[in-house]
Structure formats: structure tokens, C-alpha cells
2 protein chains.
Amino acid sequence: MTTTTIDIALIKDYFLGLQNRITSALSELDGKAFIVDEWQKPPDSKLRGSGRTCILENGNVLEKGGVGFSHVHGDQMPGAASQNRPEVAGRGFEAMGVSLVFHPHNPKAPTTHMNVRCFIAQAPNQEPIWWFGGGFDLTPYYGYDEDCRHFHQTAKDALDPFGADLHHRFKQWCDDYFYLKHREEPRGIGGIFFDDFNELGFDKSFAMMRAVGDAFINAYLPILQRRYQEPYTPEEKDFQEYRRGRYVEYNLIFDRGTIFGLQSGGRSESILMSLPPIVKWRYNWHPTPNTPEAKLYDYYLQPRNWLA
Amino acid sequence: MTTTTIDIALIKDYFLGLQNRITSALSELDGKAFIVDEWQKPPDSKLRGSGRTCILENGNVLEKGGVGFSHVHGDQMPGAASQNRPEVAGRGFEAMGVSLVFHPHNPKAPTTHMNVRCFIAQAPNQEPIWWFGGGFDLTPYYGYDEDCRHFHQTAKDALDPFGADLHHRFKQWCDDYFYLKHREEPRGIGGIFFDDFNELGFDKSFAMMRAVGDAFINAYLPILQRRYQEPYTPEEKDFQEYRRGRYVEYNLIFDRGTIFGLQSGGRSESILMSLPPIVKWRYNWHPTPNTPEAKLYDYYLQPRNWLA
């Protein structure tokens, strides 16, 4: 029996290259460089591995931005990763990916998140189990229709060559996944999300994931360029800091990547670099009707087809 | 067969009375009154019930303080509440309690948390299943030995009449429970914590829980009185805001009450009123050695017997 060999080095090259392209593009706009933090888990860790965390704090455009690459491996799949795939429980595995969050200073510029990743669970003389996951999504504080349309159109253009139904499915998946059940509120205006993806075979599935990763800069950078110099008031900044609380709630209560990472002994500082720099919580606050803040809730945070 | 009847009204009177005594004592020191928010879940909610949330924001002493009473009931115990008690799964239940968190402005004054609660799962013609839980704990930003000793001594004095081993057990339980695994860090200097407690029979178990609730003001108020006017620098305030991030991480990732409440359809705003008013996250920050900030980590955030 011949088993497939997965070229781990090739996947890793892609992820590190993507990380480099994204940090370069953001640094160029910001005028401040990312700090690069290479890390290695000690050999006796529950989860072994290494990574490269790129972080920019107190930039000119970004209040905080982090782009992390990590490559971890372990002897047993943890619960959060194998819940949809009981056949991999107990197998050795490796997980690799790039994950980023950008929190701009300007409340008129949206926060964004992107992730591309793969899981590979190999066993001697057996076909490897593998899948890809990823996506990107946008979380505005003040919405702009043209930004929403541009973001979703870029996602659709990246996916269409791989299957006519993919964008529709992954857009819906994103709306379902980035949802704060306890608030009955979407995290933002969505984007695309996919996981456990292997239906096109290895080469085409990998190519699809790369198309998503490659599309991210085109999806986000034009929006950031349009908005980072918009005038804003202290009250608008305050609203942004309040709304960032939802981001924290989502990441710590619901986000599978965060929970998987913390459960499995991942590097906490790299996992939690997604958390915003300054966040406010107020009791039972609601926006005044007919304000731009109310429009965020009533219009932008309502799942819709932005390309209709 | 005669079954025991639990006097729900009596327990409720205690909880509402305790809430009132605590908010009165804190208001008197602060000079600002709590806002009282009575709420009722709609009759078609997954979890029915009502409560009284008392909140003080932007006070003179408290930056944010919340004292919540809630009384919820449902037809089926949710997972987070029945994991240690499989025999109650599926039974109708009610849960009642008071929970509070105080976040003072002054970084020299500690944050504190207190909770007293009971769960009662009744079924026709069967002995009710019931237990009490609760405790209080202290989270300083800048430590003071005398405050730590006073807080723990007050807890011990409250428990000793009910059993010589209780304080030792509940102090250890608190250290184990309020622990951030992903940081390998205790949340604060501890206190007491107990759950699933019924070993003294109903009357004495209820009395023990009341002793804990009643001791809270004596445990915390003298510390707050001593510290709320201490001078502090902007850097010390910044350190407090950074450390509050640990509080958020604990409550959203680990706290059983928070997770139970959000899972079971509790009132999100009342559950999340424990979150601090302003919080900061920074990447991979560590205090400079031999500073008061380093002493928090090296000395205060190390489980120890403060009464030795």
C-alpha cells in the first residue's frame, strides 16, 4: 500500500511568506515596523512547537496589530480540535497556520481578523488525515457600505475559481461562527470562514486556502487606507473601546482557535495577542436611537448579502 | 414517606437582605448610590427567573461595582451545573444567590469578589437535592501583608465555629479554583471557596453560608477604607488596568458561575457586570525586577498561609 506524503516544508514556506507579505504591507502604511518574536516551546511541553510572532503596538495607524505564525505538534489531539473528527483522537498531529488581528487607532477604521491553517494527523502506513481551515472577517465600529461590499467581493473573487458554491457556504459559515450567542449579536459584518476542508483533494484544497490568504491584503488594506485619517471625536473613540469588549468576549468564550490553543498548552501570549489594547465595559449600555452608533447595531450587525 | 420541605422564601430573604447591607455599606463610603435594576426574564426564556442588579459606575471610590441577586429556575439542569452531580441531570431546579465584584479607582485598593448561592433540585415525592456554595477572594494590584492577613483571618473566624478543618479546606479550594492555568498564575491572594456543600445538614450548612456572606463586609471594607486615598501615579494606574486583563481572562475562560450563566441563557448584562470598566492588554509584558509590580508576581501571587 502506498500512502500519500504531505510536504510540510512547502506549507510552512507559504505561511511564513504570507506572514512576511502582510507585515510588510501594514508596516509600510503605518510607518512603524513590527517587532519579531521567535519562540520555541520547551521540549518537555505538553504541546511542542515553535513560532514567529510579529507585533506592532502604538503604531501611527495601528493601535495594536499582531500576525502570528505557529507550528505545533503533539502526540494526542486535544478535545477542541478533534470534536468533529473522532477518528483522529489519539493520533499524533501537527497544526500550522497564520493568524492575525489588527486594531487601528481610528474608530472609523474597522478591526479585522484573518486565519489560514492546516491540521495534519499522520500515522505509520496509514493515509494521513488532513484538512485546511481559515477565512477573514471585518468588525467595524462605524459602518460604510462600500467597505462592506469591497470586503465581501474580494472574498468571493478569491473563492469563485474553486467552486461556484464556496463563497455562499463560507459566508454563511462565517455568519454562524462569529456570533455572540449570549448577546444575540454577530461579531461584525462577516466575511468567510471554513474548517475541516479537504473536499477538493490535497492540491486544490491547499490552493484554495492560499487564495484566501493571498486575498486578505486586497480585502483589508484599501479599507484601512480610506479610513485611518477620518476625523473622529472622543465619544467615537469611547464607543470603539466599548465595542472592543465584544471582541474580547467572543475570543475568550467562543473562538475555537483560542480555546484550542489555551487548552492544549499553546503559547498564551501569542494566542492572546488578538485582544485589543484598551477595552471598556459598561453595564447595560445601549446606543441612542437614530445615531451612527445605533446604525451599527440596527443595520451593519444584521447578516445580509452585501453583494446583492 | 415524608420528604423535607425547603423554605425558599427564607433563603431569598437572606440573600436580598445581604445585598442591601453590602450596597448600603459601600454607598456610604463611596458617597454615590447604586442604581437598582430589577429584571425578569420573559416567560418563554430557556431559563426563567428574576433578579435585582445593583450597579455603581464612576463613583468616588469605586470605578465600577456590581452586586447582583438572581433567582432562576429551569426544567433541566445545564451541563456546567450538573457535571459533579450526575443525579440531578434532567431534574427541575432553582438557583439563587448574590454575587458581587468591586473595582476601586485606586490601584492600591484591591478588587474583590464575593458569592453566596444555593442550588435546589426538587422532584415530586423525593428528597430534594440541595447544596450551598460561595466564598470571597481578593485581587490586589499592589500588595500589603496586613491586608492579606486581615482578609484571611476574617474568613477563618467566620468558618471556625462550623468545623475546625473548613477554613483550611476552603482556602485551598480557593487557591485551586481561582487559578489561570494558561498563565500559571493565581488570580489574586485567595480567600475561601466552597461548592456542592451539604455535609452539615440543611440548617447548619445554610448557617455556614450565611456566616460567609455576613463576614464579607468585615473582610473587605477595612482594606478599602485604608487604601482608597493612597497616592498613586499614572504608571500605577496603568499597571492596574493591565492586571485587570487577568480578571477578564479568568471570568470568561474559567469561572463556573459566568459560564453556567451564559450557557443556560442567564441575563448577560448581569453576569458580565463583573468585568472591569477599563482594561488594557499588552503583548508579553513583564514587570521590571525589584519593583512593586514584580513583587506582586513574586511574593503576593504565590499561594501561602497568610496566617502562619
Side-chain angles (χ1 to χ4, degrees), chain A residues 34-35 37 39 46-47 53-58 63-68 101 103 180-185 238 241-242 244-255 258-286, chain B residues 34-35 37 39 46-47 53-58 63-68 101 103 180-185 238 241-242 244-255 258-286:
Chain A
F34 282 74
I35 288 169
D37 200 357
W39 54 268
K46 197 166 132 206
L47 194 70
T53 296
C54 299
I55 188 105
L56 196 165
E57 292 179 296
N58 294 313
E63 192 170 328
K64 187 175 174 191
V67 189
V101 174
H103 295 285
L180 287 82
K181 291 191 197 77
H182 65 293
R183 301 279 191 184
E184 298 183 9
E185 214 176 77
D238 186 65
E241 291 169 344
Y242 170 78
R244 282 172 173 171
R246 301 292 207 272
Y247 217 81
V248 176
E249 292 173 24
Y250 184 82
N251 282 15
L252 298 185
I253 301 174
F254 298 108
D255 186 64
T258 302
I259 294 165
F260 163 73
L262 296 176
Q263 262 189 12
S264 60
R267 185 172 183 265
S268 298
E269 285 290 347
S270 296
I271 296 163
L272 297 176
M273 74 175 176
S274 63
L275 299 179
I278 300 180
V279 186
K280 292 178 180 169
W281 274 276
R282 282 192 286 276
Y283 175 72
N284 210 20
W285 183 85
H286 300 285
Chain B
F34 283 74
I35 289 169
D37 200 358
W39 53 268
K46 198 166 129 206
L47 193 70
T53 296
C54 299
I55 188 105
L56 196 165
E57 290 179 299
N58 294 313
E63 192 169 328
K64 187 175 173 191
V67 189
V101 174
H103 295 286
L180 287 83
K181 289 190 199 76
H182 65 293
R183 300 279 191 185
E184 299 184 6
E185 215 177 76
D238 186 65
E241 292 169 343
Y242 170 77
R244 283 172 172 172
R246 301 293 205 272
Y247 217 81
V248 175
E249 291 173 23
Y250 184 83
N251 282 14
L252 298 185
I253 301 174
F254 298 107
D255 187 65
T258 303
I259 294 165
F260 164 74
L262 296 177
Q263 262 188 14
S264 60
R267 185 170 182 266
S268 299
E269 285 290 348
S270 296
I271 296 163
L272 297 176
M273 77 176 172
S274 64
L275 299 179
I278 300 180
V279 186
K280 293 180 179 168
W281 274 275
R282 281 194 285 279
Y283 174 70
N284 209 19
W285 184 85
H286 300 285

Chemist: Taking all atoms of both residues into account, what is the closest heavy-atom pair of A/Tyr283 and B/Arg267, and its distance?
Modeler: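 The pair with the smallest heavy-atom distance is OH-NH1, 2.8 Å.
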Chemist: Please classify the contact of A/Glu249 with chain B as side chain, backbone, both or neither, using a heavy-atom distance under 4.5 Å.
Modeler: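 For A/Glu249, the contact with chain B is made by backbone and side chain together.
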Chemist: Is there side-chain contact between A/His182 and B/Leu272, with at least one heavy-atom pair below 4.5 Å?
Modeler: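 A/His182 reaches B/Leu272 side chain to side chain.
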Chemist: Determine the option with the most heavy-atom pairs under 4.5 angstrom with chain A, choosing from B/Ser268, B/Gly245, B/Pro277.
Modeler: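 Going by pairs under 4.5 Å, I would pick B/Pro277.
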Chemist: Under a 4.5 Å cutoff for heavy-atom pairs, which residue among B/Trp285, B/Tyr242, B/Trp281 has the most contacts with chain A?
Modeler: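 Top count of heavy-atom pairs under 4.5 Å with chain A: B/Trp281.
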Chemist: If we define contacts as heavy-atom pairs under 4.5 Å, which of A/Met273, A/Arg244, A/Glu57 has the most with chain B?
Modeler: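 The answer is A/Glu57.
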Chemist: What part of B/Leu275 lies closer than 4.5 angstrom to a heavy atom of chain A: side chain, backbone, both or neither?
Modeler: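 Interface part for B/Leu275: both.
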Chemist: What part of A/Ile55 is in contact with chain B, defined as an atom under 4.5 angstrom from a non-hydrogen atom: side chain, backbone, both or neither?
Modeler: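 Interface part for A/Ile55: side chain.
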Chemist: Check this for me: does any side-chain nitrogen of one of A/Arg282 and B/Glu269 sit under 4.0 Å from a carboxylate oxygen of the other?
Modeler: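 Salt bridge absent between A/Arg282 and B/Glu269.
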Chemist: Could you measure the distance from the CZ atom of B/Arg183 to the CG atom of A/Leu262? Nearest 0.5 Å is fine.
Modeler: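 These two atoms lie 8.5 Å from each other.
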